[in-house]
Amino acid sequence: MNDQAYMAQALRLAEQGLYSTHPNPRVGCVVVADQRVVGEGWHQRAGEPHAEVYALRQAGVLAQGATAYVTLEPCSHHGLTPPCAEALAQAGVRRVVIAMQDPNPQVAGRGIAFLRAQGIQVDVLSGELSAAARALNCGFVKRMEVGLPFVRLKLAMSLDGRTAMASGESQWITGPAARADVQCLRARSSAIITGADTVLTDNARLTVRAQELPLSAELCELALSRPPQRIVIDGRLRVPTDVAFFAAGPAWVATHQPPPLGAAGIEYIQVKKTGGHIDLPALLEELAQRGINELMVEAGPQLAGAFMRAGLVDELYIYMAATLLGSTAQPLMQLPIENMADAVRLHIVEMRALADDWRIIARPVPCNA
């Protein structure tokens with residue numbers, strides 16, 4: 001095996017932290033001695049040992065003179081856990097291969113500099129594996145680089161682009177396979193955000209339903225141990241505190257009103273308003289400061305359209321059912337466009353069948369592209 005193969009193995013380990021590491025990044029590590037893997041590890045939860053520590057523990061004395069493959073630059077600062085760069089040096093590794101430099105300003109090359117100062121060879125990869133490491137931590141990277149979370153807009157629609165009947169009835173457009181996939185999407189998110197209308201109309205809870213998670217018992221336990229933060233945008237404070245959304249667990253309420261005394265488990269976030277509505281960019285900045293890496297938007301057509309119009313959506317997950325709801329049903333989102341030149345172009349990343357439904361992953365194409 002070569003550097004590429006060992007790093008690919010480290011990335012597969014890192015993926016196991018998909019549902020449980022936030023606000024930390026997902027990291028994997030493989031320790032190799034004499035062309036043999038002697039240690040493996042991945043970061044499981046914030047506050048617990050990092051990937052390098054698990055891998056070095058497994059390697060033991062065999063780490064002396066070995067090569068460590070790490071998907072993200074080892075940390076060099078003291079946080080909830082000691083610096084991993086120091087642990088690698090103390091273990092006596094000869095070489096460290098890194099998929100990408102850490103975008104965290106507290107690290108940002110300092111881990112690499114520390115290792116090299118200890119006489120350890122450090123190689124930073126480029127190309128596909130480096131891109132894969134960045135994609136695995138898209139939310140962490142974006143939060144560190146621009147101070148905003150990575151935003152995914154989840155939509156479920158019929159073949160004719162409708163999301164609910166005119167009456168508001170919407171359960172269920174898609175089948176069990178698609179709904180299970182949505183549970184995985186919720187579980188990997190740092191937070192899920194919706195609007196007051198969705199909470200009031202659908203009696204939404206936006207929780208991760210364990211019985212629908214198609215994960216191993218270990219990953220399911222990890223996912224449920226760190227559920228996503230649930231947020232409702234309620235500028236005028238219309239949602240009563242006794243609805244199912246609040247009964248389901250701790251929640252945040254984003255409002256432009258002076259926050260009232262919160263009921264148990266409810267925290268109010270006061271955000272300025274623009275044009276009579278919550279200023280979404282300001283809200284996202286606040287969420288990033290609170291450690292939200294990946295934000296999932298599950299909302300009605302009005303709020304979904306508002307996120308799109310503001311240019312805040314990084315990725316769309318569109319679940320399409322082989323169903324026709326008709327011309328009087330509700331549209332996918334409120335997105336008034338009058339001219340073809342103003343149409344929103346999307347780059348299709350993936351299309352996949354989920355039983356009788358389809359999942360489309362797409363990203364908005366920048367206007368100047």
Side-chain angles (χ1 to χ4, degrees), residues 1-21 24-104 107-138 140-141 216 218-219 222:
M1 294 177 72
N2 54 24
D3 286 351
Q4 303 291 317
Y6 289 125
M7 187 58 76
Q9 186 171 343
L11 281 167
R12 287 192 293 271
L13 288 167
E15 287 174 358
Q16 295 186 73
L18 194 66
Y19 306 101
S20 58
T21 67
N24 288 357
R26 299 131 181 165
V27 183
C29 178
V30 172
V31 179
V32 177
D34 298 323
Q35 299 185 347
R36 182 170 65 92
V37 174
V38 295
E40 293 182 334
W42 53 283
H43 183 43
Q44 297 181 18
R45 277 187 279 243
E48 296 186 2
H50 290 184
E52 298 93 323
V53 173
Y54 283 119
L56 291 172
R57 284 178 183 173
Q58 192 177 101
V61 296
L62 296 177
Q64 185 78 32
T67 296
Y69 294 84
V70 192
T71 59
L72 185 70
E73 175 185 2
C75 61
S76 57
H77 64 288
H78 286 269
L80 294 176
T81 58
C84 292
E86 289 184 10
L88 289 165
Q90 291 169 1
V93 300
R94 176 184 59 82
R95 178 175 175 242
V96 177
V97 182
I98 299 166
M100 65 171 287
Q101 182 173 304
D102 194 329
N104 185 347
V107 183
R110 292 182 179 87
I112 294 172
F114 174 85
L115 291 169
R116 286 175 174 161
Q118 305 304 306
I120 298 171
Q121 178 184 341
V122 179
D123 296 314
V124 183
L125 299 181
S126 59
E128 290 184 6
L129 291 177
S130 181
R134 188 178 178 89
L136 181 62
N137 287 305
C138 56
F140 178 79
V141 170
S216 68
E218 179 187 13
L219 292 183
L222 282 170

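Numbering of residues begins at 1 and proceeds along the displayed sequence. These numbers come from a predicted model, not from an experiment.
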Least distance between heavy atoms, [X] atom then [Y] atom:
X: Gly39; Y: Gln58; answer: CA-OE1, 3.4 Å
X: Pro49; Y: Arg57; answer: CG-NH2, 3.9 Å
X: Val70; Y: Glu52; answer: CG1-OE2, 3.5 Å
X: Val31; Y: Ala59; answer: CG1-CB, 4.1 Å
X: Ile98; Y: Met7; answer: C-CE, 3.8 Å
X: Ala66; Y: Ala33; answer: CB-CB, 4.0 Å

To the nearest 0.5 Å, what is the distance between [atom1] ([X]) and [atom2] ([Y])?
X: Thr67; Y: Asp34; atom1: OG1; atom2: CG; answer: 10.0 Å
X: Arg134; Y: Leu72; atom1: CZ; atom2: CG; answer: 11.0 Å
X: Gln44; Y: Leu222; atom1: CD; atom2: CG; answer: 5.5 Å
X: Gln121; Y: Arg116; atom1: CD; atom2: CZ; answer: 9.0 Å
X: Asn104; Y: Cys75; atom1: CG; atom2: SG; answer: 9.5 Å
X: Gln16; Y: Arg26; atom1: CD; atom2: CZ; answer: 13.0 Å

Close side-chain approach of [X] and [Y], heavy atoms under 4.5 Å:
X: Met100; Y: Val141; answer: yes
X: Leu18; Y: Leu136; answer: yes
X: Cys29; Y: Tyr54; answer: no
X: Leu88; Y: Gln118; answer: no

Test Val93 against Leu56 for side-chain contact (heavy atoms from CB on, under 4.5 Å), laying out the working first. CA-CA 9 Å; Val93 300; Leu56 291 172; 4.2 Å; yes
Do the side-chain N and O atoms of Glu40 and Gln9 include a donor-acceptor pair separated by under 3.5 angstrom?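 Indeed, the side chains of Glu40 and Gln9 share at least one donor-acceptor pair under 3.5 Å.
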Query - Leu129/Gln4 under side-chain contact (heavy atoms from CB on, under 4.5 Å): CA gap, chis, key distance, verdict - result: CA-CA 7 Å; Leu129 291 177; Gln4 303 291 317; 3.1 Å; yes
Is a side-chain N or O of [X] found less than 3.5 angstrom from the main chain of [Y], in a donor-acceptor match?
X: Glu73; Y: Asp102; answer: yes
X: Glu15; Y: Gly28; answer: no
X: Thr71; Y: Ala99; answer: no

- Item | Aromatic plane relationship, Tyr69 with Tyr6 - under 30° parallel, 30 to 60° tilted, over 60° perpendicular |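 Rings of Tyr6 and Tyr69: tilted, 30 to 60°.
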